[in-house]
Amino acid sequence: MHKEIKTPWGVIFPQVSLFPILYLLFIYGFVYILPYGRDLIGISWFDWLRSEDGPLEWFQFIEYAISSILALLIYVRTKKKKNINSIIWLLIVFLSFVIAGEEISWGERITGIGINSISDINVQGETNFHNLPFFHNYLLDPIFEISCIFLGWFGWRKFKNIKAFPSKDLSLYFLFVALFYFYFDLSWASTTQQIRNDQEIFEFLLSTGIFLHCYQNFKKLDFVGK
């Protein structure tokens, strides 16, 4: 249950987590205009935050890795392994693990060891699959858009009995990501200049939404087990 928010215009009773709004206000209203970044790190604080192999990308790796572990524990604690909820939790285990691996190019960013046959044709020259030309150019953005609309709206609205889908409370973590990618792709097709690619800023919301979903459900299971 979210606390009421008192404003000069009245009291607001939010039904969803407002962290994504506060987070974006902080990034674009504060970090974006921070001075002296180029004097210390060579680029602006904003560009450093959203850069490849930057802080937000590593936070995403950590959140997906932990989410994979939490989802696995939830699956193990579930008695009916063939139940639809159990199957979805197992899918979350797999997808979170894969995405975590992809975020750090399966360890190449740590060890420097990769697979040349993959990195040679990779858009970023790394050992990962989501940046292979066909996937990167044609599939990645639609997958983000469709999956985030499902997680942020369709899942909790149409399948209320399936608790393995994120709840309404977390909807903004996913819908802002879908909105960004839709607008980003639309700018490619427009006659105006393409908008800046701030994907890491928004993808952090996605990983955080998945992490909170897994953490909240793990806490419920842990509480029941006491």
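The six-membered or imidazole ring of F150 lies near that of F165, with a centre-to-centre distance under 6.0 Å. Aromatic ring centres of F202 and F144: separated by at least 6.0 Å. The aromatic ring centres of H213 and W156 sit 6.0 Å or more apart.
Placement of V16 and L24 within a single hydrophobic cluster is found when ILVMFWY residues are connected by side-chain heavy-atom separations under 4.5 Å, directly or transitively. Linking Ile, Leu, Val, Met, Phe, Trp and Tyr residues whenever their side-chain heavy atoms come within less than 4.5 Å leaves I84 and L91 in two separate clusters. Placement of F204 and F182 in two distinct hydrophobic clusters is found when ILVMFWY residues are connected by side-chain heavy-atom separations under 4.5 Å, directly or transitively. Note on F134: it does not cluster hydrophobically with I121, by side-chain heavy-atom contacts below 4.5 Å among ILVMFWY residues.
Every residue two or more places apart in sequence or in another chain was checked for a salt bridge (Lys or Arg N to Asp or Glu O under 4.0 Å) with D185, and none qualifies. Taking the side-chain hydrogen bond (donor to acceptor under 3.5 Å, both in side chains) definition, one finds that S17 meets it with Y173, sequence neighbours left out. Partners of W106 under the side-chain hydrogen bond (donor to acceptor under 3.5 Å, both in side chains) rule, at least two apart in sequence or in another chain, are E102. For Y28, the side-chain hydrogen bond (donor to acceptor under 3.5 Å, both in side chains) partners are D198, not counting sequence neighbours. Legend: residues meeting side-chain hydrogen bond (donor to acceptor under 3.5 Å, both in side chains) with N85, ordered by chain and number and at least two apart, are N83.
For the 3.5 Å distance criterion, the side chains of E200 and S51 fail to qualify, holding no donor opposite an acceptor. Under 3.5 Å, the side chains of E63 and S207 contain a donor-acceptor pair of N or O atoms. If you check the side chains of N122 and Q124, you find no donor sitting under 3.5 Å from an acceptor.
A heavy-atom distance below 4.5 Å is not found between the side chains of H130 and V98. Residues L175 and C148 fail the side-chain proximity criterion, which asks for heavy atoms closer than 4.5 Å. The shortest distance between side-chain heavy atoms of L72 and W89 does not fall below 4.5 Å. F46 places none of its side-chain heavy atoms less than 4.5 Å from the side chain of L34. Taking the side chain as every heavy atom from C-beta outward, E203 and F180 never approach each other to under 4.5 Å.
Residues in residues 120-132 take part in these salt bridge (charged side-chain N to carboxylate O under 4.0 Å, His left out) pairs, two or more places apart or across chains: R109-E126.
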Practice item. Walk me through it: do F211 and I66 pass the test side chain to side chain contact (heavy atoms under 4.5 Å, CB included)? Key: CA-CA 7 Å; F211 166 74; I66 296 176; 3.7 Å; yes
